[in-house]
2 protein chains.
Amino acid sequence: MSLQLSVDRSSPVPLYFQLSQQLEAAIEHGTLTPGSLLGNEIELAGRLGLSRPTVRQAIQSLVDKGLLVRRRGVGTQVVHSQVKRPLELSSLYDDLESAGQRPATQVLVNTVVPASAEVAAALGVAEGGDVHRVERLRLAHGEPMAYLCNYLPPDLLELDSAQMEATGLYRLMRAAGITLHSARQSVGARAATAEEGERLGEPAGAPLLTMQRTTFDDTGRAVEFGTHIYRASRYSFEFQLLVRP
Amino acid sequence: MSLQLSVDRSSPVPLYFQLSQQLEAAIEHGTLTPGSLLGNEIELAGRLGLSRPTVRQAIQSLVDKGLLVRRRGVGTQVVHSQVKRPLELSSLYDDLESAGQRPATQVLVNTVVPASAEVAAALGVAEGGDVHRVERLRLAHGEPMAYLCNYLPPDLLELDSAQMEATGLYRLMRAAGITLHSARQSVGARAATAEEGERLGEPAGAPLLTMQRTTFDDTGRAVEFGTHIYRASRYSFEFQLLVRP
DNA sequence: GAAGTTCGATTGTCCGGACAAAGCATTGAC
DNA sequence: GTCAATGCTTTGTCCGGACAATCGAACTTC
C-alpha cells in the first residue's frame, strides 16, 4: 500500500477535509481498490502527523457517503460496490445538459400572485400573501419534455425571466447564496388531459409522470414548491435514497 | 428554558446517543420550539456533566438529520420547518400498513433462475449464475396495488413464501441481519399492456407508475434488484432527497 | 477433529483542553 | 448620522490520552 497522503498545515482548508478529499480521490481513481483495508487509524494518524480524532473525522465523512465501511476489530475497508456518487438534488436542467441533450426553457408566466392554501402551507407563508409564480416549458432538442409550475416565497431571489431561460432554478438559488438541504417529493402518474397533451405534444390519455416537490434550505426554510409534469415517453427520474439509521 | 435533560451513565447506550434522542424527542414534542437557541455547548456540557465533544457529537447527529442548525458566533437553533421525519428507505408493505390500508401479498413465483445480463450487472454476480426470482402481487383492501418482481443474490436469505405473504421484503432482510444503506432508483410511467392491466385490474392503456431499484447494504453489496409496477390511480411515491455537501 | 477459550488488533466512546474563525453588538471616529 | 474598529460570544478545528466493545485468529481442551 504505497498510497501517497499528505496534508498542508498552512492551508486554511481543514486537515480532516484535506484527508477525506485525498482518500475519496484515491477511491475514485482506483488507487484504493474495493475491499482493501485502510490501515488502522492510530498508525495512519502517526504517519500523517495528525491526531486520531482528525483522522476519524475524515474517515467518518466518507463512511457517511457510503464509500467506506468500518468494522470493529477488523479495520476500515473500501466498499466494493457499483455505487458511484450519490446524486445531488437533481435539477432537470443540469441533468439534461450533462446528458448531452440541449436543454432550453420557455418562461410562460413569471408573476406575483396571492398564495393559495396549498402553496401557503407548503411554503410556510400566510394564505393570500404574495408569492412568485413561475410557469416554464422545458425542452430538449427543441421538443417539449416537461411543464414546470413553481412557487417561491417573496424576497428570496430576483426572478429574471432571461436568466431562467438560460439555466435552471436550483443554480440560480445557489448563486443567490441559498444552500439547498433537502426536498420532499411526491411522484405519481396519470393520463394527460387534452390541454396538457397539446402543451407537451402528446395525445390526450398519454401517460404523464407527475412530481410535486417542496425544497428546503439549510435553515429549514421552504424555498420552493412546484408541480411538474413530464412526458413519460421521454423522461424518468433517477435518484438515490439513503437510509438514516 | 426549563428543558429536562439527563443521561444515565450506567446504561450501555452511548451518552451522545441518549442526549440526541432526548433532544430529538423535545423537538418532536414541541418543548424545543423552532428557532429557539439551544444554549451554548460548553454550558450544556457542564450542566449534564459531559464533555464538550460528547455534546457536539449528539448535536451533530441532529444537524445531519436537518433538525438543528449551527451558526458560529450565534449558537445552535432548532430548524423552523415543516420537515417532519426524513423517510426511511420505503417499503411498500410498511407504507400501506402505517397508512391503515390492510396490505396483503400473493407470492406468484418464488424460484431460482440463471441471472440475465441485466440482473447480473445489477447484483454484481456472474451472468447465468443462480439468483432468486420472486414475483408478488401486493394488495390493499383486497384490491391489487402493484406487481413486484425482484431478484436477490443466492446465500443471502431464506426466502419463505409464507413469510413473504405476511410482511415486506425489507423487513425480512433486516431480520436476517442485513443493514440496508442506500438504493438507486429509477421511476417512470407508461401505459399498461393488456396483460398488465388484467393483472392489476386496470384497462389496457391506463397509466402505470414503474420503478426499478437496486438496494445496497452497508458493505456496498447489492442485495436486491427489482422492477415494480404500480397502479397510478392508487399509489404515488413519497420520499425525501438529501443534499450531500 | 470439533468445540470452546484466550488473546491481540481495531474501532467505539469519552474526556479535558487549546486556539482559530466567524457573528454580533457596542463603541468610537469622522 | 454613518462608517469603521473593537471586543465578546459561540462554534469550528485539533490535540493527546484512556478505557470499553467487538472481531478474528490462534490456541487449548476434550
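In what follows, chains carry the letters A, B, and so on, assigned in the order in which the sequence lines appear, proteins first and then strands, with residues in each chain numbered from 1. These figures come from a predicted structure and were not determined experimentally.
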For residues 70-77 of chain B, dump all side-chain donor-acceptor pairs below 3.5 Å to protein atoms at least two apart in sequence or in another chain.
residue : atom : partner : partner atom : Å
B:Arg70 : NH1  : B:Gln60 : OE1          : 2.7
B:Arg70 : NH2  : B:Glu41 : OE2          : 2.6
B:Arg71 : NH2  : B:Gln77 : OE1          : 2.8
B:Gln77 : NE2  : B:Gly35 : O            : 3.1

Protein-proximity profile, nucleotides 7-16 of chain C, B/S/- by nucleotide at the 4.0 Å heavy-atom cutoff, equals --BBBBBSBB
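Inter-axis angle, ends of the helix from C:dG1-D:dC30 to C:dC30-D:dG1, five pairs per end, rounded to 10 degrees: 0°.
Here B:Asp130 pairs with nothing under the side chain to side chain donor-acceptor pair (under 3.5 Å) rule; sequence neighbours left out. Residues that satisfy the side chain to side chain donor-acceptor pair (under 3.5 Å) test with A:His228, not counting sequence neighbours, are A:Asn150, A:Tyr230. With sequence neighbours left out, B:Asp218 forms a salt bridge (charged side-chain N to carboxylate O under 4.0 Å, His left out) with no residue at all. Taking A:Glu43 as the reference, A:Arg47 meet the salt bridge (charged side-chain N to carboxylate O under 4.0 Å, His left out) condition, with sequence neighbours excluded. Shown here are the side chain to side chain donor-acceptor pair (under 3.5 Å) partners of B:Thr214, two or more places apart in sequence or in another chain: there are none. Every residue two or more places apart in sequence or in another chain that forms a salt bridge (charged side-chain N to carboxylate O under 4.0 Å, His left out) with B:Glu135 is listed here: B:Arg133.
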